[in-house]
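This report concerns only the one structure given below.
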Amino acid sequence: FNRMQRRRADAEAELKTYQDSLEHTVAERTEEATLATARMQAALNDMKEAHNDLTVSQSRLNGILDYTPALVYLKGLDGRYQMVNKTWSSILGLGDVDAVGKTDAEIFSPDIADMLIENDRRVREEGAAIVLEETTVSDGVERIWASYKFPIMDDADQILAVGGVSTDITEIKKTEAELVLARDAAESATRAKSSFLAAMSHEIRTPMNGVIGMIDLLWQDKLEAEQRKMLGTIRSSAFSLLQIINDILDFSKIEAGKLDLELLPISIRDVVEGVAETLLPEIQKKQLRLRLYVDPDIPARISADQVRLRQILFNLMGNAIKFTVSGKVSLSCWVNGRHLIFQIKDSGIGMSPDILEHLFQRFEQADSSISRRFGGSGLGLFISKNLADLMGGMIDVSSQEGVGSIFELILPYRPSDIQLEPAEPDNTTPANLHQKISGHVLIAEDTLELQLLERRILEGMGATVTTAQNGQEAINIATAHP
């Protein structure tokens, strides 16, 4: 019996141990389950929060895509639309549901669809973004788009889809076309104006040369002092008008871009002295002092356009004389490094800083009182500046009212080793016009005034003169009377 009691006690103790162990295990499993449940709940909360964030982000992205003025779209590798924004749908006239799943061939006309499909093919083959212009037609309205198309890649750099953003540039292209038409019209008008000015300048200059020639012939006659004075005024006025005509012709050439240079070896000393000699009568008339200086280190030959250089210097020196009532004017020339400097200095009326700012603009003079007092077209400095620019140089000016002005023409220094040709004798001096000649002279001249002038000069020198109205008539006369 005792043994049975002990065995029972042992069994109960073992059962108690097992029960305690089981309760402990259940408690552990319960705690683990509770923790797992908490973790699952946290994970679910995170997933829910992430889903909410994704939803918000998707809403924001959709808002941006739907309200952007550009077309935004995505196409699969089969060419079917996977996504389009509202702008795409509203402009091209298809809803989201109607567009998604369709190809360009199902939406657009064959020619437009072929263009879009070809552009998508380029993106897939090149694997890179492209920018190009595309044209669509919707409800009879043609639109031009600047399209940026790009590949959508996976982690293995394999193309998943083709994306695109297209901006409407129809109005921009229309404006560009209008600007091109306006530019062409403006250029055509400029050419027409230049042609008109050139033709009118020629038509005015030809009879003006006749007037000056007749004045010179009349000058040789015996005239009273008052008549000679009046004739001198007429001649001076005619030359002033001729200068204005020449300025207008050069102005039209500058505007048309047809003013060319002829670079030849020239003597700077001859140019400077020639300009001074031409202006000397006006200098003497105003009793001004003249100073000339040419740096002896300047080579005998410089490469430049003599005609245009003389024109600039004549204009700058002419202005210096014109605006100097008393005192002196000077023309100096020297070399400074790689530049040839011509300085024209006067003790004239000078200019204010405000006037200097727009001095070289076309038709500009210091002010209206200057124009009334000294005359001029206001084109001289504009032409001179453009000639200097064309020659690769510039004109610099400094001035002080009541003290005078300094103009500096700065040109590239180009010494020349080409020999100068001997100057041809000038046979147009008054002394030569009084020489006697003999023989028969045939004149081909279509302007009656110049024809009469040339006949008078040659007959006065003793020649027998025959005139023709044009070259063909002159050939006929020469052939008939060899």
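Residue indices begin at 1 and follow the sequence shown.
With hydrogens and angles left out, the side-chain atoms of Ser166 and Ser147 include a donor and acceptor closer than 3.5 Å. Asp111 and Ser109 share a donor-acceptor pair across their side chains, judged by distance under 3.5 Å alone.
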| field | Full working for side chain to side chain contact (heavy atoms under 4.5 Å, CB included) between Val211 and Met214 | value | CA-CA 5 Å; Val211 170; Met214 288 298 181; 5.8 Å; no

| field | Chi angles and distances behind the side chain to side chain contact (heavy atoms under 4.5 Å, CB included) call for Gln306, Val271 | value | CA-CA 7 Å; Gln306 178 167 305; Val271 171; 4.0 Å; yes

| Derivation and outcome, salt bridge (charged side-chain N to carboxylate O under 4.0 Å, His left out), residues Asp346 and Lys328 | CA-CA 6 Å; Asp346 65 66; Lys328 64 181 180 180; over 6 Å; no

| request: For side chain to side chain contact (heavy atoms under 4.5 Å, CB included), just list the numbers for Glu445 and Asn470, CA-CA rounded to whole Å, side-chain angles, deciding distance to a tenth of an Å, and then say yes or no. | output: CA-CA 6 Å; Glu445 176 58 66; Asn470 51 60; over 6 Å; no

| query | Could you go step by step and tell me if Met317 and Phe342 meet the side chain to side chain contact (heavy atoms under 4.5 Å, CB included) rule? | reply | CA-CA 11 Å; Met317 275 293 288; Phe342 295 86; over 6 Å; no

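Put simply, the side chain of Ser90 gets close to the backbone of Thr87: a donor and an acceptor are under 3.5 Å apart. A donor-acceptor pair under 3.5 Å is absent between the side-chain atoms of Gln227 and the main chain of Leu223, judged by distance alone. Asn85 places a side-chain N or O within 3.5 Å of a backbone atom of Ala70 that can act as its donor or acceptor partner. With hydrogens and angles disregarded, no donor-acceptor distance shorter than 3.5 Å links the side chain of Ser188 to the backbone of Asp184. A donor-acceptor pair is defined here as one N or O able to donate and one able to accept, closer than 3.5 Å; such a pair exists between the side chain of Ser399 and the backbone of Gly404. Put simply, the side chain of Lys286 never gets that close to the backbone of Ser326: no donor and acceptor are under 3.5 Å apart. Panel note: side chain Asn315, backbone Gln311; no donor-acceptor pair is recorded below 3.5 Å. Proximity of a side-chain donor or acceptor of Ser267 to a complementary backbone N or O of Arg301 within less than 3.5 Å is not detected. In terms of modelled atom types and a separation under 3.5 Å, the side chain of Thr135 and the main chain of Ile144 share no donor-acceptor contact.
When side chains are defined from C-beta on, Phe382 does not count as touching Phe360, because their heavy atoms never get closer than 4.5 Å. Side-chain atoms of Leu288 and Thr324, non-hydrogen and from C-beta on, do get closer than 4.5 Å to each other. Asp295 places none of its side-chain heavy atoms less than 4.5 Å from the side chain of Ile268. At least one side-chain heavy atom of Leu71 sits under 4.5 Å from a side-chain heavy atom of Ile91. Counting heavy atoms from C-beta outward, Gln158 and Met153 have side chains that stay 4.5 Å or more apart. At a threshold of 4.5 Å between non-hydrogen side-chain atoms, the residues Trp145 and Ile169 do not count as touching. Residues Ile395 and Leu381 fail the side-chain proximity criterion, which asks for heavy atoms closer than 4.5 Å. Using a 4.5 Å cut-off on side-chain heavy atoms (C-beta onward), Leu356 and Val397 make contact.
Closest heavy-atom contact between Gly163 and Leu74: CA-CD1, 3.8 Å. Smallest separation of non-hydrogen atoms from Ile266 and Ala304: CD1-CB, 3.7 Å. The two residues Lys149 and Val123 have their closest heavy-atom pair at CB-CG2, 3.7 Å. For Phe108 against Ala113, the heavy-atom pair with the smallest separation is CB-N, 4.1 Å. The two residues Pro415 and Ile302 come nearest to each other via the heavy atoms CA-CD1, 4.0 Å. The shortest heavy-atom contact between Val465 and His440 is C-NE2, 4.3 Å.
In this structure, Glu282 CD and Leu290 CG are separated by 12.5 Å, a value rounded to the nearest 0.5 Å. Atom-to-atom distance recorded for Leu387:CG and Leu411:CG is 10.5 Å, nearest 0.5 angstrom. How far CD1 of Ile117 is from CD1 of Ile112: 12.0 Å, rounded to the nearest 0.5 Å. Atom-to-atom distance recorded for Thr466:OG1 and Leu458:CG is 11.0 Å, nearest 0.5 angstrom. Note: Leu331 CG to Phe407 CZ = 13.5 Å, rounded to the nearest 0.5 Å. Rounding to the nearest 0.5 angstrom, the gap separating the CG atom in Asp270 from the CD atom in Glu277 is 10.5 Å.
Annotation: side-chain contact (heavy atoms from CB on, under 4.5 Å) contacts of Glu262 (sequence neighbours excluded): Leu264, Asp305.
Note on Arg121 versus Glu118: salt bridge recorded, some NZ/NE/NH1/NH2 to OD/OE distance being below 4.0 Å. Remark: Lys173 does not engage Glu178 in a salt bridge, criterion side-chain N to carboxylate O under 4.0 Å.
Annotation: salt bridge (charged side-chain N to carboxylate O under 4.0 Å, His left out) contacts involving residues 387-415, sequence neighbours excluded, comprise Lys385-Asp389.
Counting heavy-atom neighbours within 6.0 Å of Arg183 CZ, excluding the residue itself, gives a total above 12.
Put simply, the residue from Gln343, Arg291, Lys345 that forms a side-chain hydrogen bond (donor to acceptor under 3.5 Å, both in side chains) with Ser332 is Arg291.
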